[in-house]
Amino acid sequence: MTSVVPARTETADLREVEQRVLWLATAMIDHANRVRPNGTGLKVGGHQASCASMVSIMTALYFEHLTAADRVSVKPHASPVLHAINYLLGSLDEKHLTTLREFGGVQSYPSRTKDPDPADYSTGSVGIGATAPIWGAVARRYVDTHGGGAGTGRQYSLLGDAELDEGACWEAILDPTVADLGEVVWIVDLNRQSLDRVVPNIAANRLQGMFTAAGWQVITLKYGQVLEELFARPGGAALRERIDGMSNPEYQRLLRCTPAQLRERIPAGDSVIERLLSDVDDETLAVAIRNLGGHDLDALDSAFQAIDDTRPTVIFAYTIKGYGLATEGHPQNHGSLLGEDQMQQLAAQVGADLDDPWHRFADDSPAGKLCAATASRLRRRERARVKPPRLPADIGRTPSGTTTTQAALGRTLLDLTRESPEAAERIVTLAPDVSSTTNLGGWLNKVGVWSPSERVDWFADDAETILHWRERPAGQHIELGIAETNLVSLLGELGSTWSRWGQPLLPIGVVYDCFLGRALEPWSFGVYGGGQSILVGTPSGVSLAPEGGAHQSVGTPSIGLEQPGVTSYEPAFAVDTEWCLLAAMSQLGKPGGSSSYLRLSTRPVDQSLASVPTDPAARERRRRQVVGGGYALRRAADPQVTLVGMGALMTETLAAADRLAEQGVDADVICVTSPDLLFRAHRGDADRGVLDQIFPADRARPMVTVLDGHPHALAFLAGINRTPSIHLGVTGFGQSGSLDDVYRHHGLDTDTIIRSALDLTHS
């Protein structure tokens, strides 16, 4: 969608809008804490000071430079500023202004899925929202090279300077993909305060150098026009040098000073500066010391005009936390709230009314016309949504021999290119430099690597090269550096293309399972923001015995069970992997869809142990049970114990059942594919039918559960029929060794399962 940026707005009109935005944002927080009835007496919270430092930046951006094609990620604590702007633009009803942080009301931080007004990105997890526009830019480009329809536009990120402490920011900035993203613009609210204090040494010069080294354009807005005019006078160079040399706390203290104190503190004995300030009246001096670039609308306009669209840009905008408020510059103003007298003072300052706080501009006023013109310019057309492709539920393959669930992932993707090419064209896979070691090689060779432009494959004629790295716009695999945060952040944005541009994708990210914890927060936040995707953790567990304890994941089955918005699976067999993957893919790219996590293994398993039914109806029943959470792999005529296994440990579970039978102890054997879904059914959040089929009350027996992870992930199963139980799993760090030794060390071996069953049946 093409949008035209308007001619320069009169600064006076823009200033009037800026002041109204400041008032509305502050009044929303004030109402939530001081006016709205509060039976608990607990502070509702909000960040008036953090909002105030962003008001000028956001006013200049939205009312002068933003187009309908652009997207903006707003720093979490500036949420009320976004709501205030949306209110003035007519995209938020007045009734919502009194619901900040109220149940069902306006959210604490911008939310794509929960707020009543538009938010381009969900933010709140510091650093993750800041980087989201980078991955949004990659997702838009991917869609545009696979059928088009994503349009153009800049991707703005409005972030606080403290967010640059987050490693996620630097992982993203340094990824080789990012240097070519000219549509990315970061605006850093450099207010030099954190939650607790004025930060002594922000080291802005060092930060600027780091961005420059990464190939970014760096624009710095340090001083506004009033200060620049003083610097141009005789003695101005000394004044600039003095202010430049101040520590952040010393400068911040000046904001709390009277004019007389300023005349004493600023010169610090320098007679040249004293003479300069003697010609400046008190009012001008008070304005000047606050006149930083991030609050100067003309300086902001010049900065936005100077953006170079051939490379990413960062604008360091010096600001004051609490600018324009009674708490301005106070070192502990992060969560402070204005009192009623201070609100009355602010109302008088900006021309508002505390008794009628939500007053809009008159339609025929210059400010009202500016709001109307901006709303018209930023109005986005509705995009028709393409329906996700139809996916087969069962490709029909019955694997034989010995293979792994990890290998089944790559096999299923390749099968889809033949069985359902329309669906396969929507798949995009991601890996952090682990494609070959996670069995994606065949898929990668088939579909190629995505790149915005064609690149030469210099090893195409090398007969010994097995993995072909063909980079082209039609490729369907994206390789990032070894940074799981980047991968899952991009995964979330690729999983949002159905709602942003009406183009559904089927994004699948593959990471080493032991690093799932590292990837969890940004992926979780992507899910919260509406991104629907599949995350595959492989190889997993202590079954990765030779790799030692550092690469053996323990808690991931529990993470999968507990993660909101996600269905987790841990299949034991190749056909189960296929069915679970297809079921997970069928939930992507649509309203009401969801994400999934698959935990896969490199442990080779005899596929005949799956005993896949040959009758079509029985096979379909098995498939439904697999994707529903589990199935009975063996039923004894008169069982004395129930053995429940999951994933790679089904081999030991079945071997234990055979040896118990030799001792006259018959066992039912249950294969769990999703403790997540079984727990939902047990809790009453889903149909209980799957539990009645797998664990019928009339077959309730003492239970042994076993998995390659923490035992509590399956411990709830004993509560279904309140049976005595023993739960085997991994509760400590592993170490290198053979599979037999490692299983024996953790009590996952066949002998331990047998002893546990005998303890339960002979007690």
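Keep in mind that what you see is a predicted model, and the values were worked out from it rather than measured. The analysis underlying the following values was restricted to heavy atoms, covering all of them including side chains, and did not include hydrogens, waters or symmetry mates.
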Ile320 CD1 to Leu325 CG distance, which is reported to the nearest 0.5 Å = 11.0 Å
Would you call Glu250 and Arg265 a salt bridge, using N to O less than 4.0 angstrom?
-> no
Kindly determine whether Val184 and Val178 satisfy side chain to side chain contact (heavy atoms under 4.5 Å, CB included), including the steps that lead there.
-> CA-CA 9 Å; Val184 170; Val178 175; 5.7 Å; no
Quick check: are there more than 12 heavy atoms from other residues, nucleotides or ligands sitting under 6.0 Å from CD of Glu241?
-> no
Using a strict 4.0 Å threshold on nitrogen-to-oxygen distance, state whether Arg290 and Glu328 make a salt bridge.
-> yes
Distance-only polar pair, side chains of Thr152 and Arg140, donor-acceptor under 3.5 Å = no
Within 45 degrees of the axis of the six-membered ring of Tyr318 and under 6.0 Å from its centre: does Arg192 put its NZ or CZ there?
-> no
Applying side chain to side chain donor-acceptor pair (under 3.5 Å), which residue pairs with at least one partner in residues 486-496 are found, sequence neighbours left out?
-> Glu493-Arg500
Any side-chain donor paired with an acceptor under 3.5 Å for Thr26 and Gln48?
-> no
State which residues pass side-chain hydrogen bond (donor to acceptor under 3.5 Å, both in side chains) with Tyr156; sequence neighbours excluded, sorted by chain then number.
-> Arg154
For Asp281, what residues pass the side-chain hydrogen bond (donor to acceptor under 3.5 Å, both in side chains) criterion, not counting sequence neighbours?
-> Thr284
List in chain and number order the residues that pass side chain to side chain contact (heavy atoms under 4.5 Å, CB included) with Ala367, two or more places apart in sequence or in another chain; answer none if no residue qualifies.
-> Glu16, Val17, Phe361, Ser365
Test side-chain hydrogen bond (donor to acceptor under 3.5 Å, both in side chains) applied to Arg20 - qualifying residues, sequence neighbours left out | none
CG of Asp175 to CD1 of Ile134, rounded to nearest 0.5 Å, is 8.5 Å
Approximate separation, where rounding is to 0.5 Å, of Phe304 CZ and His65 NE2 = 6.0 Å
The side chain to side chain contact (heavy atoms under 4.5 Å, CB included) partners of Val566 (sequence neighbours excluded) come to Trp523, Val527, Gln563, Ser595, Tyr597
From Trp186, Tyr121, Trp135, residue fulfilling side-chain hydrogen bond (donor to acceptor under 3.5 Å, both in side chains) relative to Gln155 = Tyr121
Pairwise salt bridge (charged side-chain N to carboxylate O under 4.0 Å, His left out) hits with a residue in residues 70-82, at least two apart | Lys75-Asp189
Quick check: are there more than 12 heavy atoms from other residues, nucleotides or ligands sitting under 6.0 Å from NZ of Lys114?
-> no
Are Thr11 and Asp298 close enough that a side-chain donor and a side-chain acceptor fall under 3.5 Å?
-> yes
Across all chains, not counting sequence neighbours, the side-chain hydrogen bond (donor to acceptor under 3.5 Å, both in side chains) partners of Glu228 are Arg240
Asp363 atom CG, neighbour heavy-atom count above 12 within 6.0 Å | no
Any salt bridge (charged side-chain N to carboxylate O under 4.0 Å, His left out) pairs touching residues 32-49, not counting sequence neighbours?
-> Asp30-Arg34, Arg34-Glu340, Arg36-Glu102
Table please: side-chain donor-acceptor pairs of residues 207-219 below 3.5 Å, with sequence neighbours left out.
from, atom 1, to, atom 2, distance (Å)
Gln208, NE2, Thr220, OG1, 3.2
Thr212, OG1, Gln208, O, 2.9
Gln217, OE1, Asp308, N, 2.8
Gln217, OE1, Thr313, OG1, 2.7
Gln217, NE2, Ala306, O, 2.9

Can you find a side-chain donor-acceptor pair between Asn86 and Tyr62 that sits under 3.5 Å?
-> no
Do His96 and Asp115 have a side chain donor and acceptor closer than 3.5 Å?
-> no
Pro259: what forms a side chain to side chain contact (heavy atoms under 4.5 Å, CB included) with it, not counting sequence neighbours?
-> Asp282
Partners meeting side chain to side chain contact (heavy atoms under 4.5 Å, CB included) with Ser79 (sequence neighbours left out) = His83, Pro110
